[in-house]
There are 2 protein chains.
Amino acid sequence: MSTETGSGWAEHARAVLDQSGHRKARARDALIDLLASQPCALSALEIEDHLRDDGRRVARASIYRILELLADQGLVSRLELGDGTSRYELIDPAGEHHHHFLCDVCGNLLPFDDRDLERSIDRLARRLQFDARDHEVVLHGSCSGCRS
Amino acid sequence: MSTETGSGWAEHARAVLDQSGHRKARARDALIDLLASQPCALSALEIEDHLRDDGRRVARASIYRILELLADQGLVSRLELGDGTSRYELIDPAGEHHHHFLCDVCGNLLPFDDRDLERSIDRLARRLQFDARDHEVVLHGSCSGCRS
DNA sequence: GTGAATGCAAACTCTTTGCATGACT
DNA sequence: AGTCATGCAAAGAGTTTGCATTCAC
């Protein structure tokens, strides 16, 4: 499922960029392909490592610039989960999204979703006097492998 | 109410530190008093500014070290809300807590709480296979003053 | 050819660490 | 006196910016 979402997203992302007048670009294509293949969020430095390992080396500054562009276009979201770095993951054009559990022991990052939670947040956003376009839920604790 | 919570917390914090063998300390007292007076989370640099304005100047390195100590003792929580900095706020010993709305336009930070949301998160944590000790919910959008 | 995209290096911000000085018991 | 706490300065990590080069159109 995540693969299908991802490859659909890659096409979508290229179409959006094309329509907004951006040229074909090697580094950007590499990032889009990588993000499309990921089940969960990656940091900029993790992205750099993956791309290098794949033989598609992209300069660090370019990675940040491309991620900023993709975020501005609403194609990726930027998350801070509490370990001092930003992480990036694709935004499903259909609106599907998940939240994150971060193991404070080993740093492992696990996605989850929960309909009930989403409903609560929707109700809450409606109740409040501000316009909530996005939300983020992070659970902290220890994962099954790290339980003390 | 937040004042009462805060001053109760200051006593509590000093008791906890005393019991864990920490000495009386000028800089730490200044931070505890400041945190106790705040309705919402502050960054380390904001803390530095407030303390300087109050004539209780504390070195930046000490601020970070004290915040780390307080966090280790379970007295403050460290939050990352998506603007690249960490923020700190007291943890109410009675377990009361709030979450945050961050205005992406002006950077304003607003606390809110919601029973229904807490219930959803509790149910979710029980359902999942990992041990969730803490959670954080951040809403992003534009506040009433910044609505386009 | 023109302007966008990229790479490289330097700058910047936030945070942490090392070491000397000062304060509490 | 002994050791914890603090300040100062330097080092680190992540991120951003400036500028020259390369590439798409």
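Taking the side chain as every heavy atom from C-beta outward, Leu42(B) and Leu34(B) approach each other to under 4.5 Å. Using a 4.5 Å heavy-atom cutoff, the side chains of Ile63(A) and Leu31(A) are in contact. Within the 4.5 Å cutoff, no side-chain heavy atoms of Leu102(B) are placed close to those of Leu139(B).
Taking each heavy atom of Leu81(B) and Arg87(B) in turn, the nearest pair found is CD1-CD, 3.7 Å. Closest non-hydrogen pair, Leu79(A) versus Ala41(A), comes out as CD1-CB, 3.9 Å.
Using a 4.5 Å cut-off between side-chain heavy atoms of Ile, Leu, Val, Met, Phe, Trp and Tyr, with links allowed through other members, Phe101(A) and Val138(B) fall into different hydrophobic clusters.
Straight-line distance from the CG atom of Leu81(A) to the C1' atom of dG14(D): 15 Å, rounded to whole Å. In this entry the distance linking CG of Asp72(A) with C1' of dT16(D) reads 14 Å, nearest Å. Atom pair Leu17(A):CG and dC25(D):P shows a separation of 13 Å (rounding to whole Å applied). Atom pair Ile47(A):CD1 and dT6(C):P shows a separation of 14 Å (rounding to whole Å applied). Look at CG on Asp49(B): it is 14 Å from C1' on dT13(C), rounded to the nearest Å. In this structure, CD of Glu48(A) is placed 15 Å from P of dT6(C), rounded to the nearest angstrom. Remark: C1' of dC14(C) and CD of Glu80(B) are 11 Å apart, rounded to the nearest angstrom. One atom, CG of Asp83(A), and another, C1' of dT15(C), lie 14 Å apart when rounded to the nearest Å.
Contact check, Ser86(A) against dT15(D): a side-chain N or O comes under 4.0 Å of OP1 or OP2.
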Measure all distances between protein nitrogen or oxygen atoms and nitrogen or oxygen atoms of nucleotides 16-19 of chain C, and list the pairs falling under 3.5 Å.
| residue | atom | partner | partner atom | Å |
| --- | --- | --- | --- | --- |
| dG18(C) | O6 | Arg65(B) | NH1 | 3.2 |

Under 3.5 Å, which N/O atoms of the protein pair with N/O atoms of nucleotides 3-5 of chain D?
| residue | atom | partner | partner atom | Å |
| --- | --- | --- | --- | --- |
| dT3(D) | O2 | Arg23(B) | NH1 | 2.7 |
| dT3(D) | O2 | Arg23(B) | NH2 | 3.0 |
| dA5(D) | OP1 | His22(B) | ND1 | 2.9 |
| dA5(D) | OP1 | Arg28(B) | NH1 | 3.1 |
| dA5(D) | OP1 | Arg28(B) | NH2 | 3.2 |

Run the salt bridge (Lys or Arg N to Asp or Glu O under 4.0 Å) check on Asp114(A) and Arg127(B) step by step: do they pass? CA-CA 10 Å; Asp114(A) 189 80; Arg127(B) 173 169 80 75; 3.0 Å; yes

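Under a 4.0 Å N-O distance rule, the pair Arg119(B)/Asp122(B) does not qualify as a salt bridge.
Listed by chain and number, the residues in a salt bridge (charged side-chain N to carboxylate O under 4.0 Å, His left out) with Asp33(B) are Arg14(B), Arg56(B) (sequence neighbours excluded).
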